[in-house]
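Here's the structure, in structure tokens; my notes come after.
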Protein chains: 2
Amino acid sequence: MNLKQLAKELNLSISAVSKALRDSHEISAATKATVIAKAKELNYQVNPFASSLRKQKSKTIAVVVPEIANNFFSLAINGIESIAQERGYHVLIYLTHEDFQKEIAITKLLQNGRVDGILMSLSSQTANILHLEEIKEKQIPLVLFDRVAESIDCPKVNADDYKSALKATEHLIENGCRNIAFLSISNYLSISNKRMKGYVDALRSNGLKSENSMIIECSNHEENNKSLIKKLLKSKHRPDAIFASVEKLALNVYDVCKELKVNIPKDLKVIGFSNLQTATFLNPSLTTITQPAYEMGREATSILFKIIEKRGYNMILEKTTLKSEIIIRESTLAVSKK
Amino acid sequence: MNLKQLAKELNLSISAVSKALRDSHEISAATKATVIAKAKELNYQVNPFASSLRKQKSKTIAVVVPEIANNFFSLAINGIESIAQERGYHVLIYLTHEDFQKEIAITKLLQNGRVDGILMSLSSQTANILHLEEIKEKQIPLVLFDRVAESIDCPKVNADDYKSALKATEHLIENGCRNIAFLSISNYLSISNKRMKGYVDALRSNGLKSENSMIIECSNHEENNKSLIKKLLKSKHRPDAIFASVEKLALNVYDVCKELKVNIPKDLKVIGFSNLQTATFLNPSLTTITQPAYEMGREATSILFKIIEKRGYNMILEKTTLKSEIIIRESTLAVSKK
DNA sequence: CTGAAAGCGCTTACAG
DNA sequence: CTGAAAGCGCTTACAG
């Protein structure tokens with residue numbers, strides 16, 4: 001069933017039917033009513049490809065994220081989808097699996113007009129932003145969220161990572177910790193730097209010397225991370241707290257502590273950035289810095305639609321920072337050591 | 001940059017260029033080489049809408065799931081995406097949020113040729129399959145996974161829910177449980193019935209009378225579920241074990257036990273269907289029946305592509321059942337009660 | 001208020 | 001081996 005057939009049924013021209021369906025002011029109310037009724041009766045639906053080809057608009061956005069089996073990203077996608085569905089947009093999803101080359105390939109794929117805009121969170125392996133510059137050159141609206149690159153000129157949505165890392169570190173210090181190890185995953189992105197900076201500044205402003213700062217470089221290799229943590233916990237300069245910059249690392253710490261029979265929080269306090277819904281049921285329950293993932297998704301999508309719908313808006317650099325929440329649980333409880 | 005411009009640059013006809021790019025046997029190797037080189041140089045990319053319009057193929061599939069902030073579905077989507085990416089397909093994602101009306105609206109949306117096929121897991125509210133019949137009538141390839149409706153004639157991928165529920169119940173019985181409460185979420189789908197049937201059959205074959213079976217109807221309302229569980233645990237006929245048919249309910253049980261100071265596994269054993277990655281870190285660690293979510297996603301997608309690529313294959317009813325795994329942890333440990 | 005016509009950018013059957 | 005032409009199904013500027 002296409003416009004041509006529908007027009008024939010109605011004894012109208014194709015253009016009249018098309019206009020009626022798009023509620024054009026050129027068409028009388030009576031004609032519109034009959035057209036709409038007939039279209040419904042015959043279950044007519046506009047061909048999206050013909051429409052997109054003609055209008056040069058896809059009514060589709062792309063979401064490019066490192067992974068999906070991850071609480072933060074699945075919550076963010078939930079937020080993205082909620083706004084997109086409201087506005088009648090379709091959502092294409094692409095996973096980079098933390099692979100820079102895949103990320104580049106995907107951005108290339110998206111340069112042919114398939115989508116009206118792109119929401120993106122960069123992979124941890126991303127080493128430069130040439131691929132993002134290409135997107136910008138092609139004038140495709142782009143909004144980055146969470147894993148953001150400072151060096152690119154586009155709207156960004158993230159959380160107050162510096163501030164919450166600062167507060168989290170202070171929380172540890174208040175609860176008696178003096179040797180706090182920060183588990184980082186370094187990359188091109190500023191996000192991990194910001195968290196690290198918050199940690200370092202908190203040490204400094206609390207009179208802890210810089211030699212007290214322990215920054216442990218982790219990777220995406222679970223086993224390597226665990227042996228790093230194990231080594232750390234067995235060393236002479238064993239920390240009294242661990243600050244995990246990402247969720248996975250906090251769980252690795254739990255794993256190692258279970259194995260080494262290190263008691264949390266008595267022997268070691270643990271805090272981590274995490275969107276784990278079950279943090280409260282862990283043994284012991286985990287103190288987390290929880291980002292507003294759902295809201296970040298919604299916010300990023302709202303901004304993207306502003307750019308898509310008002311051309312030229314692209315030039316406005318919008319940077320939105322949402323507040324994370326520190327949820328204090330057992331893993332950082334002050335315990336009198338006997 | 002379109003074919004016309006590219007053809008002009010090359011002093012060839014549009015059709016020759018198009019054929020060269022699609023590696024047609026009608027074009028000489030030499031011409032192909034120059035065309036491909038030029039296309040690369042000028043960064044030419046085929047317009048997907050023109051191509052889809054002409055070929056009546058979208059190279060896109062839709063994934064319709066109840067929710068995404070859920071370990072099972074995010075793992076399944078991971079599997080789906082991995083196969084789709086391999087094959088060069090795009091993945092549209094739609095969430096029903098467990099709302100039958102939304103599910104219907106989405107299936108309507110997908111009838112206009114936007115996608116070459118649909119992967120779907122039904123909402124818990126889905127009350128009939130008229131919308132699925134429409135999809136079938138329109139000859140759009142459809143594969144259901146996990147939350148499947150028995151009554152529709154299409155390929156299905158699910159887990160051996162009956163068998164694993166049977167085994168799980170037997171595990172509880174072996175560990176001394178006699179009064180096992182089964183928390184179900186009933187709906188039109190057979191999935192929960194299968195799990196329930198496994199539970200009931202295990203009781204029967206172990207000589208436990210049918211009055212020992214306790215089936216508690218839960219809902220999607222967390223607070224209601226918790227008060228149901230609370231009532232149950234405070235009642236005279238307090239169970240010695242709870243079998244949660246879905247992950248959320250198991251966590252609700254943990255919540256209530258924490259509040260009522262019921263000790264798991266001493267006072268109550270808990271087992272549940274769950275894809276929780278942190279099940280092992282819970283307090284106590286949770287015994288789970290874990291579905292192969294990633295593999296189910298991959299399998300369903302492979303079948304979908306078989307149908308898309310070989311027409312007529314649609315008629316073959318493929319039903320694939322994958323094995324779940326019971327991972328025994330502390331929450332079902334036999335403990336001598338003093 | 002309605003219709004004829006051009007054109008979005010491809011692909012492919014057909015002619016040469 | 002290459003090209004001219006039709007057509008996928010729309011939308012919209014233009015004419016009436």
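Chain letters run A, B, ... following the sequence lines, proteins first and then strands; every chain starts at 1. These numbers were taken from a predicted model, which means no experiment stands behind them.
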* Look only at the side chain of B/Gln45 and the backbone of A/Lys108, and say whether a donor-acceptor pair between them is shorter than 3.5 Å. => yes
Would you tabulate the pairs of protein nitrogen or oxygen atoms and nucleotide nitrogen or oxygen atoms of nucleotides 13-16 of chain D closer than 3.5 angstrom?
{"unit_1": "D/dA13", "atom_1": "N6", "unit_2": "A/Lys19", "atom_2": "NZ", "d": "3.2"}

* Parallel, tilted or perpendicular: rings of A/Tyr89 and A/Phe305 (30°, 60°) -> tilted
* **Any-strand Watson-Crick or G-U partner of D/dA4, both distances under 3.5 Å** => none
Rounded to whole Å, please give me the gap between [atom1] in [X] and [atom2] in [N].
X        : N      : atom1 : atom2 : answer
B/Arg114 : D/dC10 : CZ    : C1'   : 14 Å
B/Leu3   : C/dG9  : CG    : P     : 10 Å
A/His25  : D/dT12 : NE2   : P     : 11 Å
B/Asn47  : C/dG7  : CG    : P     : 17 Å
B/Phe49  : D/dG9  : CZ    : C1'   : 14 Å
B/Lys4   : D/dA5  : NZ    : P     : 14 Å
B/Ile14  : D/dA6  : CD1   : C1'   : 13 Å
B/Gln5   : C/dG9  : CD    : C1'   : 11 Å

* Which nucleotide sits closest to the side chain of B/Leu53: D/dC8, C/dT12, C/dT2? -> D/dC8
* When the nearest nucleotide of DNA chain D is assigned to B/Ser28 and to A/Asn2 on a heavy-atom basis, which residue is associated with the more 5' position? -> B/Ser28
* Which sits closer to the 5' end of DNA chain D, B/Ser13 or B/Lys55, going by the nucleotide each is nearest to? -> B/Ser13
Compile the donor-acceptor pairs under 3.5 Å between side chains in residues 6-20 of chain B and protein atoms, sequence neighbours left out, one pair per line.
{"unit_1": "B/Ser13", "atom_1": "OG", "unit_2": "B/Ser15", "atom_2": "OG", "d": "3.1"}
{"unit_1": "B/Ser13", "atom_1": "OG", "unit_2": "B/Ala16", "atom_2": "N", "d": "3.1"}
{"unit_1": "B/Lys19", "atom_1": "NZ", "unit_2": "B/Glu26", "atom_2": "OE1", "d": "3.3"}

* To do: Would you classify A/Ser52 as touching base, sugar-phosphate or nothing, given that sugar-phosphate means primed atoms plus P, OP1 and OP2, and contacts are heavy atoms under 4.0 Å?
  => nothing
